[in-house]
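Working notes for the structure below.
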Amino acid sequence: MDVEIYLPDTEATLDLGIFLANAIKKVPNPPSLLLQGDLGSGKTTVVRGFVESLPGSEMAEVSSPSFNIFNLYPTTPPVAHFDLYRLEGMPPDDSLFEQLEDPETITIIEWIQFLDRELWPEEALFFQWSPSKTGRNLKLRAMGETASKIVKAVAQKREQQ
């Protein structure tokens with residue numbers, strides 16, 4: 001299932017992150033978030049809304065982990081935030097796969113297009129940003145049963161607005 005979303009501004013992008021965090025923190029074995037988009041498309045902004053709405057976020061400083069490859073935020077549940085931009089053409093560190101296998105941790109991966117498709121988790125929300133003259137265009141795709149329920153909730157929320 002896919003849902004097309006227009007995000008007119010930063011506030012709407014943060015709100016999407018908050019909504020997703022509230023939906024995901026309620027499910028066992030939460031899906032990963034896989035983000036694809038150009039520089040400045042809103043990837044880190046949605047992550048900031050997501051992380052800052054979780055318990056423990058006051059100890060987390062959300063930023064793009066481009067230089068250290070990943071940040072582990074002390075939230076409940078914990079969030080592992082990866083940025084694969086600098087890894088283009090190289091395999092990721094084992095820490096990525098360790099986090100993906102941890103059912104207690106929500107894993108978020110920016111620049112997912114730099115990871116071979118066969119290594120993507122089966123249960124995930126795939127975000128694909130595309131250019132817009134104003135705001136942001138986003139396609140949110142469910143990969144797996146749990147992710148489908150979350151995307152349906154996003155679609156219902158969009159219909160109510």
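Since the structure is predicted, the reported quantities are computational estimates derived from the model, not experimental observations.
- In this structure, CG on Asp83 lies 12.0 Å from CD1 on Ile108, to the nearest 0.5 angstrom.
- Every ring pair (Phe, Tyr, Trp, His ring centres under 6.0 Å) that Phe127 has, sequence neighbours left out, goes to Trp129.
- Distance check, rounded to the nearest 0.5 Å: CD1 of Ile150 to CE of Met1 gives 12.5 Å.
- Within the structure, no pair that satisfies the side chain to side chain donor-acceptor pair (under 3.5 Å) test touches residues 142-153, not counting sequence neighbours.
- For the atom pair OH (Tyr73) and CG (Asn71), the distance works out to 4.0 Å, reported to the nearest 0.5 Å.
- For the pair Ile5 and Val154, the minimum side-chain heavy-atom distance is below 4.5 Å.
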Show me the side-chain donor-acceptor pairs of residues 11-20 shorter than 3.5 Å, one per line, residues at least two apart or across chains.
residue, atom, partner, partner atom, Å
Thr13, OG1, Asp9, O, 3.1
Thr13, OG1, Arg136, NH1, 3.1

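- Rounding to the nearest 0.5 Å gives a distance of 13.0 Å between OG of Ser32 and CZ of Phe126.
- Applying the side chain to side chain donor-acceptor pair (under 3.5 Å) test to residues at least two apart or on different chains, none of the pairs has a partner in residues 117-127.
- Note that CG of Asp116 and CG of Leu119 are 5.5 Å apart. Values are rounded to the nearest 0.5 Å.
- Residues Val46 and Leu7 have side chains not in contact (no heavy-atom distance under 4.5 Å, counting atoms from C-beta outward).
- Between Glu110 and Gln36, the closest side-chain pair of non-hydrogen atoms is not below 4.5 Å.
- Nearest approach of Pro31 to Ile106, heavy atoms of both residues: O-CG2, 4.1 Å.
- With sequence neighbours left out, the salt bridge (Lys or Arg N to Asp or Glu O under 4.0 Å) criterion links Asp2 to Arg141.
- Note that CG of Leu33 and OG1 of Thr107 are 9.5 Å apart. Values are rounded to the nearest 0.5 Å.
- Proximity of Met143 to Leu34: side-chain heavy atoms (C-beta onward) are separated by under 4.5 Å at one or more points.
- Minimum interatomic distance between Phe82 and Ala80 (heavy atoms only, all atoms of both residues): CE1-CB, 3.7 Å.
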Identify each donor-acceptor pair in which a side-chain atom of residues 48-60 lies under 3.5 Å from a protein atom, sequence neighbours left out, and give them as a table.
residue, atom, partner, partner atom, Å
Ser53, OG, Gly49, O, 3.3
Ser53, OG, Phe50, O, 2.8
Ser57, OG, Glu52, O, 3.1
Ser57, OG, Leu54, O, 3.2

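- The two residues Asn22 and Lys25 come nearest to each other via the heavy atoms OD1-NZ, 3.2 Å.
- Across every non-hydrogen atom of Asn137 and Pro131, the tightest pair is ND2-O, 3.2 Å.
- Side-chain atoms of Lys26 do not come within 3.5 Å of backbone N or O of Ala21 as any donor-acceptor pair.
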